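Have a look at the structure below, then the notes.
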Amino acid sequence: MARLGEILIARGAVTADDVAQALSSRQPGERLGETLVRLGVATPRDVARALAEQTGLKLADLRAQPPEKAALDAVPTRVVFKSRVVPLAREGARLRVATADPFCMAELDELRLITGLDVEPWLAPQDELDEAIHRLYGVGADALDRAVDEGVRAISDDDAEGDLDAQDDAALIQFVNRLLLDALQARASDIHVEPTQHELKVRYRVDGVLVPATLPRELKRFQAAIISRLKIMANLDIAEKRLPQDGRIRLKLQGREFDVRVSLIPMIHGEGVALRILDQGGGAALSLEQVGLSKGHADTMRKMLDAPHGIVLVTGPTGSGKSTTLYAGLRELDRETLKVITVEDPVEYRLDGVSQIQVRDKIGLSFSRGLRSILRHDPDVIMIGEIRDQETAEISVQSALTGHLVLSTLHTNDAAGAIPRLVDMGVEPYLVAATIEGLQAQRLLRRNCPECVVEGPPNEVDRAALEDLKLKLDRVRRGAGCEACQGRGYLGRTGVFEVIPVDDGLRELTTQGASAVRLRHYAREQGHGSLRDDGKRLVREGVTTPDEVARITRDD
């Protein structure tokens, strides 16, 4: 039998020096193929092909040929995870399985004893094998399967107060941890745990779109225990199942800190859980251009931030990146010579040189109370996480009138709508006109995947979207779908923006009590484009697709 290294060298997959380096740096118990993959000089598929030639075993294609249900049913879940095999097909008393290690004789013998079948091993690359196990069995399936074997009792709504049998079980703790880890690795911004009559659904929001998580089939029976575990992690009352609760979880992964906001609400089939994942350091390092602002919009935003006093508002729905944009603006300030204080709920990012205050409504530390207190600390710039009520709005206006630059967010559909929104809150129009320096609206849309983006003539979907956008293009760039973007064609998000510097004309209209429609028309007359106009720019540049812009924005 030829040696594995010799086969790989003969195939041109590695060099003799690569093999010598791998042999000298091989860890205890590690096979040569595993070392070559770890060092990055060979791919898992190269090693699998060489092993197939060395042993005479056949090579399985797990991505092209899905396993048969009869084979999956024949092998217990715990055996799949323990032995790292994937059942492929069953023909009578013969069971075909895929493995990355053809020399795992003990594991194959154990599989024969457990199933009572004649096991025929096929080879598969290690990465494809791991991907298939995740796809077929779901996140933490081995943990739940172990919980069944250990006799874990899932808590029901009728259980006595303080019964922690299931929550304290290591298998369920491990499952919840893996669920959170899987969401972080999928770049999810939210996790939705949704109980229905017959199943417990879990969905991730990835790049603004909900996608179902791959989970074990036995999840429903552990519904109450899983939710109770999340409550414990968020320091919530596990016995309270009739009223909404809010909490937070702190996570750390590879040196990065994440803050998870947890919200529970009772539903007819159990408690629903929504988890918002906030990367404590991710967005604070972005510049205005990296957030997605064009050069013209970024320059306009910088002029707003250079104002000695006044209010700059960033508007948009929840999850549209408003706080990220404000932090990108704070990075532009000279924090060595300026006193910058923020009041937020929660503190989403951490930025050196900025004094940050976390709102705590339970003890009475609201936006308005925090804002009143920080004025005694002689700030130059104040950032308020959100203007939610009349009191906060009025204090913000008074702060701007007394020489402070106030940055905040507001929930409106466009930039012009921020002015009548403040008036609706009870602020006098003349005070709004006197303090507003700039308005910005934004949305987030998905970017084309850089790994698989291709350019070609518009397809049927593109043509319909281009007609909606009133845009004429002969060529359109679109992601074809690959492993990096999980076949979606999109990877990551960027912003579309509407930026309106407030001039004397807009102030006059504000004093007159003009509607949002009139203010919007005035902004267009002055050459300030809409969110859709900025989206068209991104389509022309090939950053995103026409249908994505049509989905996120609307025509004025």
Side-chain angles (χ1 to χ4, degrees), residues 292-294 296-297 300-301 303-305 307 310-323 325-326 329 367 384-398 400-401 406-445 468-470 495-537 549-556:
L293 285 157
S294 65
H297 282 162
T300 302
M301 187 68 173
K303 290 179 182 178
M304 296 177 186
L305 296 173
I311 299 176
V312 177
L313 291 176
V314 178
T315 71
T318 301
S320 60
K322 301 185 296 297
S323 296
T325 300
L326 284 178
F367 277 111
I384 307 167
E386 181 187 346
I387 296 178
R388 296 179 177 177
D389 51 44
Q390 180 179 354
E391 187 177 6
T392 305
E394 289 177 343
I395 298 174
S396 301
V397 169
Q398 292 301 322
L401 287 172
V406 180
L407 313 179
S408 189
T409 69
L410 203 61
H411 287 163
T412 61
N413 290 326
D414 57 16
I419 291 176
R421 178 77 181 100
L422 287 177
V423 175
D424 287 342
M425 284 185 177
V427 182
E428 293 293 337
Y430 75 92
L431 291 176
V432 175
T435 54
I436 292 291
E437 287 293 327
L439 305 168
Q440 176 178 299
Q442 66 181 72
R443 299 289 189 278
L444 293 178
L445 49 73
D468 183 23
L469 297 176
K470 300 179 178 62
V496 286
F497 301 88
E498 175 190 5
V499 182
I500 303 177
V502 177
D503 58 13
D504 289 342
L506 204 59
R507 296 185 199 282
E508 182 65 28
L509 289 172
T510 301
T511 303
Q512 296 170 3
S515 67
V517 175
R518 179 69 188 96
L519 296 171
R520 187 186 309 123
H521 287 169
Y522 176 82
R524 301 294 174 264
E525 292 167 2
Q526 301 306 305
H528 305 304
S530 65
L531 291 167
R532 175 157 287 196
D533 291 331
D534 198 39
K536 292 178 185 179
R537 171 184 64 87
V549 175
R551 180 179 72 90
I552 293 297
T553 65
R554 68 178 186 182
D555 195 349
D556 280 350

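Computed over heavy atoms, backbone and side chain alike; hydrogens, waters and symmetry mates excluded. All values derive from a computational prediction rather than experimental measurement.
Looking only at side-chain heavy atoms (C-beta outward), N413 and R443 come within less than 4.5 Å of each other. In this structure the side chain of I387 never reaches within 4.5 angstrom of the side chain of T409, judged on heavy atoms. Side-chain atoms of P501 and M304, non-hydrogen and from C-beta on, do get closer than 4.5 Å to each other. Side-chain contact between L401 and L431 is present, with heavy atoms from C-beta onward closer than 4.5 Å. Two residues are said to be in side-chain contact when any heavy atoms from C-beta on lie closer than 4.5 Å; S294 and R537 meet this criterion. The closest side-chain heavy-atom distance from M425 to D389 is not below 4.5 Å. The closest side-chain heavy-atom distance from V312 to V406 is not below 4.5 Å. Counting only heavy atoms from C-beta outward, the side chains of T300 and F497 never approach each other to under 4.5 Å.
Between L422 and A393, the closest heavy-atom pair is CD2-CB, 4.3 Å. Taking every heavy atom of both residues into account, L444 and G319 meet most closely at CD1-O, 3.6 Å. Nearest heavy atoms, S408 versus I384: OG-O, 3.0 Å. Pairing each heavy atom of A516 with each of G417, the nearest pair is CB-CA, 4.1 Å. Residue A523 comes nearest to I500 through the heavy atom pair CB-CD1, 3.6 Å, listed as atom of the first residue, atom of the second, then distance. Taking every heavy atom of both residues into account, R524 and H528 meet most closely at NH1-O, 3.0 Å.
Enclosure of atom CZ in R554 is not indicated, since only 12 or fewer non-hydrogen atoms of other residues, nucleotides or ligands lie within 6.0 angstrom.
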Test log, rule side chain to side chain contact (heavy atoms under 4.5 Å, CB included), inputs E498 and Q440: CA-CA 5 Å; E498 175 190 5; Q440 176 178 299; over 6 Å; no
Apply side chain to side chain donor-acceptor pair (under 3.5 Å) to T325 and Q442, showing your working. CA-CA 9 Å; T325 300; Q442 66 181 72; 2.8 Å; yes
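The main-chain N or O of L506 is found under 3.5 Å from a side-chain atom of T510 such that the two form a donor-acceptor pair. Using a distance-only test at 3.5 Å, with no hydrogens or angles considered, no donor-acceptor pair links the side chain of T553 to the main chain of A550. Counting only distance, with no hydrogens or angles, the side chain of K322 and the backbone of G316 share a donor-acceptor pair below 3.5 Å.
Residues passing the side-chain hydrogen bond (donor to acceptor under 3.5 Å, both in side chains) test with R421: none are found, sequence neighbours excluded. Checked against side-chain hydrogen bond (donor to acceptor under 3.5 Å, both in side chains), Q398 has no partners two or more places apart in sequence or in another chain.
Every pair passing salt bridge (charged side-chain N to carboxylate O under 4.0 Å, His left out) that includes a residue from residues 505-516 is listed here, sequence neighbours excluded: E437-R507.
Among L305, L313, I311, V314, the single residue meeting the side chain to side chain contact (heavy atoms under 4.5 Å, CB included) criterion with L407 is L305.
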